[in-house]
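Take a look at the structure set out below.
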Amino acid sequence: MHDNLRTLSVTLAAEPKQMKGFTLTQWRIAQLTPGEQGDYPLGLQLTMTERAAYRFNLSSTSPRLFVRAGFTGQAPRPDAITASQDVAAGWLDGEQQVFESPMPVAIQVWLESYLARHGEAPVQGRKKKRKGAGRAQPTPGQEPPP
C-alpha cells in the first residue's frame, strides 16, 4: 500500500427539510468508514503540494474531510475526497457539491505521519520584486522623456 493513499467509503443520507411550504431534500454524509464497505469507495490521496493545507486542517479545532459529489442541482454522487480545504474551495468555485465530515482519528494520525516523513511545507513569504519591476521601460531606440 502506498504511504499517501487510503480508501474510505462514503454513505450518504437524505433528509427532508421544510422551507416556506416546500419540502427539499438535504444530503449529508451518514457514514465514513475505512475500506470499501460503503456505497462510494474513494481514494484519499495526499500530495506534497497540499502539505500546508493539511497542517492548517489538522491544527483546527475540528479537522475535516471534504467529499466532492457532482454538480450543484444534481443528485449527489461522491467521486473524490480530500483533506485540503484549498482543494475543496476549488471544487466549490467550480459549482460542485461538497460535503464535509469530521476526520477520523486514524486518518489524523496517518496525516501527521505523512507530514513527519515528508516534512512541513515551506512557508511562502512575499517575494521581493526586482528593482524597477512594473515600471515602463523605454524600448531600444526610444529616447527617455525629458
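Just so it is clear, the structure is predicted and the values come from calculations on it, not from any experiment.
- Pro41 and Gly38 get closest at one heavy-atom pair: CD-O, 4.2 Å.
- Atom CZ of Arg28 has more than 12 neighbouring heavy atoms from other residues, nucleotides or ligands inside a 6.0 Å radius.
- Within the 4.5 Å cutoff, the side chain of Gln97 has no heavy atoms near those of the Phe71 side chain.
- The structure places CE of Met103 at 7.5 Å from OG of Ser60, a figure rounded to the nearest 0.5 Å.
- When the shell of 6.0 Å around CD of Glu15 is examined, it contains more than 12 heavy atoms from other residues, nucleotides or ligands.
- Side chain of Ser9 to main chain of Gly35: a donor-acceptor pair is present (N/O by atom type, distance under 3.5 Å, no hydrogens or angles).
- Across all non-hydrogen atoms, the minimal contact from Ala69 to Asp79 is N-OD1, 4.4 Å.
- Hydrophobic clustering of Ile, Leu, Val, Met, Phe, Trp and Tyr side chains at less than 4.5 Å, counting indirect connections, keeps Leu111 apart from Phe56.
- Counting heavy-atom neighbours within 6.0 Å of Gln37 CD, excluding the residue itself, gives a total above 12.
- Put simply, the side chain of Val87 does not reach to within 4.5 Å of the side chain of Thr47, judged on heavy atoms.
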side-chain contact (heavy atoms from CB on, under 4.5 Å) between Val67 and Ile81: does it pass, once the steps are laid out?
CA-CA 4 Å; Val67 175; Ile81 188 168; 3.9 Å; yes
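- Arg77 contributes atom CZ, which lies 5.0 Å from atom OH of Tyr40 (distance to the nearest 0.5 angstrom).
- Under the 4.5 Å side-chain heavy-atom criterion for grouping Ile, Leu, Val, Met, Phe, Trp and Tyr, Val98 is not connected to Trp27 through any hydrophobic cluster.
- Glu50 has its side chain out of reach of Thr82: every pair of non-hydrogen atoms, C-beta onward, lies at least 4.5 Å apart.
- When all heavy atoms are compared, the tightest approach of Asp3 to Tyr114 is O-CD1, 4.0 Å.
- Across all non-hydrogen atoms, the minimal contact from Tyr54 to Gln45 is OH-O, 3.8 Å.
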In sequence, state the C-alpha distance, the side-chain angles, and the governing distance for Leu32 and Ile107, and then conclude on side-chain contact (heavy atoms from CB on, under 4.5 Å).
CA-CA 11 Å; Leu32 185 68; Ile107 297 298; over 6 Å; no
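- Side-chain atoms of His118 and Asn4 include no donor-acceptor pair closer than 3.5 Å.
- Between Val10 and Leu42 there is a side-chain heavy-atom pair separated by less than 4.5 Å.
- Remark: Glu112 does not engage Arg117 in a salt bridge, criterion side-chain N to carboxylate O under 4.0 Å.
- For the pair Ile29 and Thr11, the minimum side-chain heavy-atom distance is 4.5 Å or more.
- Using modelled atom types, one finds a donor on one side chain and an acceptor on the other under 3.5 Å when comparing Gln18 with Thr23.
- Considering CG of Leu44 and CG of Leu5, their distance stands at 7.5 Å, rounded to 0.5 Å.
- Here the CZ atom belonging to Arg64 is positioned 9.0 Å from the CG atom belonging to Asn57, to the nearest 0.5 angstrom.
- Trp91 and Phe99 end up in different hydrophobic clusters when Ile, Leu, Val, Met, Phe, Trp and Tyr side chains are linked at under 4.5 Å.
- The structure places CZ of Arg55 at 5.0 Å from CG of Leu115, a figure rounded to the nearest 0.5 Å.
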